[in-house]
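When a residue number appears, it is its place in the shown sequence, counting from 1.
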Amino acid sequence: MKCSSSHKRSLRKQLLAVVAGVTLPLLSVSALALTIGFSQIGSESGWRTSETESIKAEAQRRGIDLKFSDAQQKQENQIKALRSFIAQGVDGILLAPVVETGWDQVLKEAKRAKIPVVLIDRGVDSDPGLYLTKVASDFKEEGALAASWLAARTNGKCDIAELQGTVGSSAAIDRKSGFDSVISNFPNMKIIRSQSGDFTRAGGKEVMESFLKAENGGKNLCAVFAHNDDMALGAILAIKEAGLKPSKDIIIVSIDAVPDIFKAMADGETNATIELNPHLGGPAFDAIDASNKGESVDKWIKANGPLYLPDTAAEEYQKRK
Ligand code: AHR
């Protein structure tokens with residue numbers, strides 16, 4: 001029988017486990033469990049922090065030895081982390097890529113070392129043969145859902161300010177393109193201001209302040225489409241400081257469904273959010289397990305969520321806070 005080298009690594013671990021069970025009954029389970037490297041983007045948003053906590057908790061629950069590396073928003077740090085994981089001979093790698101381009105070389109190195117790489121949350125433009133799978137939501141669908149809701153809410157007539165996510169990230173690129181593809185069907189819906197707030201609350205506030213100044217104190221704006229909740233929360237502060245009522249004078253739709261946005265919605269300060277599931281560790285670890293057993297794995301494990309409105313906001317906040 002032909003065996004892949006990740007399969008061999010897994011068999012070796014199983015054999016060690018049997019030997020340890022006989023000779024070293026006191027050896028901890030985690031000493032024998034899979035070792036997985038996780039290169040995370042950073043902690044730019046509430047959603048990102050929940051995702052990190054959820055993946056760490058899932059690793060602990062499964063007895064996985066998780067080597068965590070925080071890239072602080074820098075691709076070069078992620079590439080360094082991946083090379084270090086490869087040198088350590090980990091059993092698999094989770095990569096949340098900060099931007100979409102520039103991964104070919106390091107993914108080839110992982111492939112050469114026969115280490116499966118799972119893309120977590122965001123995508124890359126590399127050949128899909130270079131990674132095992134992507135566990136992520138469809139960002140285009142999220143953008144399209146936000147635009148469809150806004151079109152229905154405004155009868156297809158709205159001048160929109162867009163707060164984009166990190167430049168070059170698949171989340172920002174695809175949310176924008178999904179949103180644009182829907183509003184292109186409505187001649188009276190236009191994005192009149194668009195800039196990156198880098199997925200942060202401070203960035204959202206700063207960019208929104210400049211939009212408000214440029215647009216007659218906000219009077220020319222019908223709505224804000226924020227690529228994430230944190231930027232929407234920053235925009236809410238800016239709108240209030242400008243003397244306007246967020247959600248009433250300016251409609252707000254965003255993405256993530258973090259607890260703070262439900263609080264703002266319950267307080268009447270925002271209108272809609274689309275859920276981005278942060279619990280991506282389970283399907284990612286399952287995919288590595290399956291690949292180590294020689295089983296096939298789908299190239300994209302999708303995790304899309306629904307749109308939430310104020311009617312359930314207070315209840316959702318209680319569940320999630
Ligand atoms: O890639 C997903 C985005 O990244 C989330 O919407 C945002 O909050 C984040 O930091």
Passes side chain to side chain contact (heavy atoms under 4.5 Å, CB included), Leu34 versus Asn292? Steps please.
CA-CA 10 Å; Leu34 291 182; Asn292 283 345; 4.0 Å; yes
Taking the side chain from [X] and the backbone from [Y], do they hold a donor-acceptor pair closer than 3.5 Å?
{"X": "Asp298", "Y": "Trp300", "value": "no"}
{"X": "Asn216", "Y": "Lys219", "value": "no"}
{"X": "Asp127", "Y": "Gly129", "value": "yes"}
{"X": "Glu109", "Y": "Ile86", "value": "no"}
{"X": "Ser54", "Y": "Ser50", "value": "no"}
{"X": "Ser196", "Y": "Gly165", "value": "yes"}
{"X": "Asn77", "Y": "Ala71", "value": "yes"}

Quick check on the hydrophobic clustering: are [X] and [Y] connected, directly or via other members, by side-chain heavy-atom contacts under 4.5 Å?
{"X": "Met265", "Y": "Ile250", "result": "no"}
{"X": "Ile173", "Y": "Ile274", "result": "no"}
{"X": "Phe262", "Y": "Leu237", "result": "no"}

Quick one: closest heavy-atom pair of [X] and [Y], and the distance?
{"X": "Ala303", "Y": "Leu280", "answer": "CB-CD2, 4.1 Å"}
{"X": "Ile301", "Y": "Pro283", "answer": "CG2-CB, 4.2 Å"}
{"X": "Pro116", "Y": "Ile288", "answer": "CG-CG2, 4.3 Å"}
{"X": "Leu66", "Y": "Ala59", "answer": "CB-CB, 3.9 Å"}
{"X": "Lys134", "Y": "Gly123", "answer": "CD-CA, 3.9 Å"}
{"X": "Ala287", "Y": "Leu132", "answer": "O-CD2, 3.6 Å"}

Qualifying residue, where the test is side-chain contact (heavy atoms from CB on, under 4.5 Å) with Met189 and the options are Val182, Asp159, Ile160
Ile160
Go through the steps to decide whether Ser254 and Asp229 satisfy the test side chain to side chain donor-acceptor pair (under 3.5 Å), and finish with yes or no.
CA-CA 5 Å; Ser254 56; Asp229 287 345; 2.7 Å; yes
Close side-chain approach of [X] to [Y], heavy-atom, < 4.5 Å:
{"X": "Asn228", "Y": "Trp47", "result": "no"}
{"X": "Leu94", "Y": "Ile55", "result": "yes"}
{"X": "Arg62", "Y": "Asp286", "result": "yes"}
{"X": "Ser247", "Y": "Ile252", "result": "no"}
{"X": "Val117", "Y": "Leu107", "result": "yes"}
{"X": "Leu233", "Y": "Ile236", "result": "yes"}
{"X": "Arg122", "Y": "Val98", "result": "yes"}
{"X": "His227", "Y": "Leu163", "result": "no"}

Start with the C-alpha gap between Leu276 and Phe139, add the side-chain angles, then the distance that decides, and say whether side chain to side chain contact (heavy atoms under 4.5 Å, CB included) holds.
CA-CA 9 Å; Leu276 179 67; Phe139 296 136; 4.2 Å; yes
If you count every heavy atom of other residues, nucleotides or ligands that lies below 6.0 Å from [X] atom [atom1], does the total exceed 12?
{"X": "Lys245", "atom1": "NZ", "result": "no"}
{"X": "Glu206", "atom1": "CD", "result": "no"}
{"X": "Lys213", "atom1": "NZ", "result": "no"}
{"X": "Lys302", "atom1": "NZ", "result": "yes"}
{"X": "Glu241", "atom1": "CD", "result": "yes"}

Please walk me through it: do Lys67 and Ser84 pass side chain to side chain contact (heavy atoms under 4.5 Å, CB included)?
CA-CA 10 Å; Lys67 310 243 172 257; Ser84 150; over 6 Å; no
What distance do [X] atom [atom1] and [Y] atom [atom2] have between them, rounded to the nearest 0.5 Å?
{"X": "Leu221", "Y": "Leu244", "atom1": "CG", "atom2": "CG", "answer": "9.0 Å"}
{"X": "Lys263", "Y": "Thr270", "atom1": "NZ", "atom2": "OG1", "answer": "13.5 Å"}
{"X": "Ser194", "Y": "Lys176", "atom1": "OG", "atom2": "NZ", "answer": "4.0 Å"}
{"X": "Thr133", "Y": "Leu119", "atom1": "OG1", "atom2": "CG", "answer": "8.0 Å"}
{"X": "Cys222", "Y": "Glu215", "atom1": "SG", "atom2": "CD", "answer": "12.0 Å"}
{"X": "Glu141", "Y": "Ser148", "atom1": "CD", "atom2": "OG", "answer": "10.5 Å"}

What pairs meet the ring-ring contact (aromatic ring centres under 6.0 Å, His included) rule with one or both residues in residues 95-115, with sequence neighbours excluded?
none
ring-ring contact (aromatic ring centres under 6.0 Å, His included) contacts in which one or both residues fall within residues 154-181, not counting sequence neighbours:
Phe179-Phe225
Stepwise, does the side chain to side chain contact (heavy atoms under 4.5 Å, CB included) test hold for Leu309 with Trp149?
CA-CA 10 Å; Leu309 295 170; Trp149 174 81; 3.4 Å; yes
Between Thr35 and Gln88, do the side chains contain an N or O donor and an N or O acceptor separated by less than 3.5 Å?
no
Donor on one side chain, acceptor on other, Asp104 and Ser126, under 3.5 Å:
yes
When Asp230 is tested against each of Arg201, Lys205, Arg48 for salt bridge (Lys or Arg N to Asp or Glu O under 4.0 Å), which residue passes?
Arg201
Charged tip of Arg175 within 45° of Phe199 ring normal and under 6.0 Å
no
Is the positively charged end of Lys111 above the ring of Tyr131, judged by distance under 6.0 angstrom from the centroid and angle within 45° of the axis?
no
Do you know which of Glu51, Lys56, Gln78 makes side-chain hydrogen bond (donor to acceptor under 3.5 Å, both in side chains) with Gln40?
Glu51
Let's go through Glu142 and Ser137 carefully: what are the C-alpha distance in whole Å and the side-chain angles of both, what is the deciding distance for side chain to side chain donor-acceptor pair (under 3.5 Å) to 0.1 Å, and is it a yes or a no?
CA-CA 8 Å; Glu142 292 172 347; Ser137 98; 2.6 Å; yes
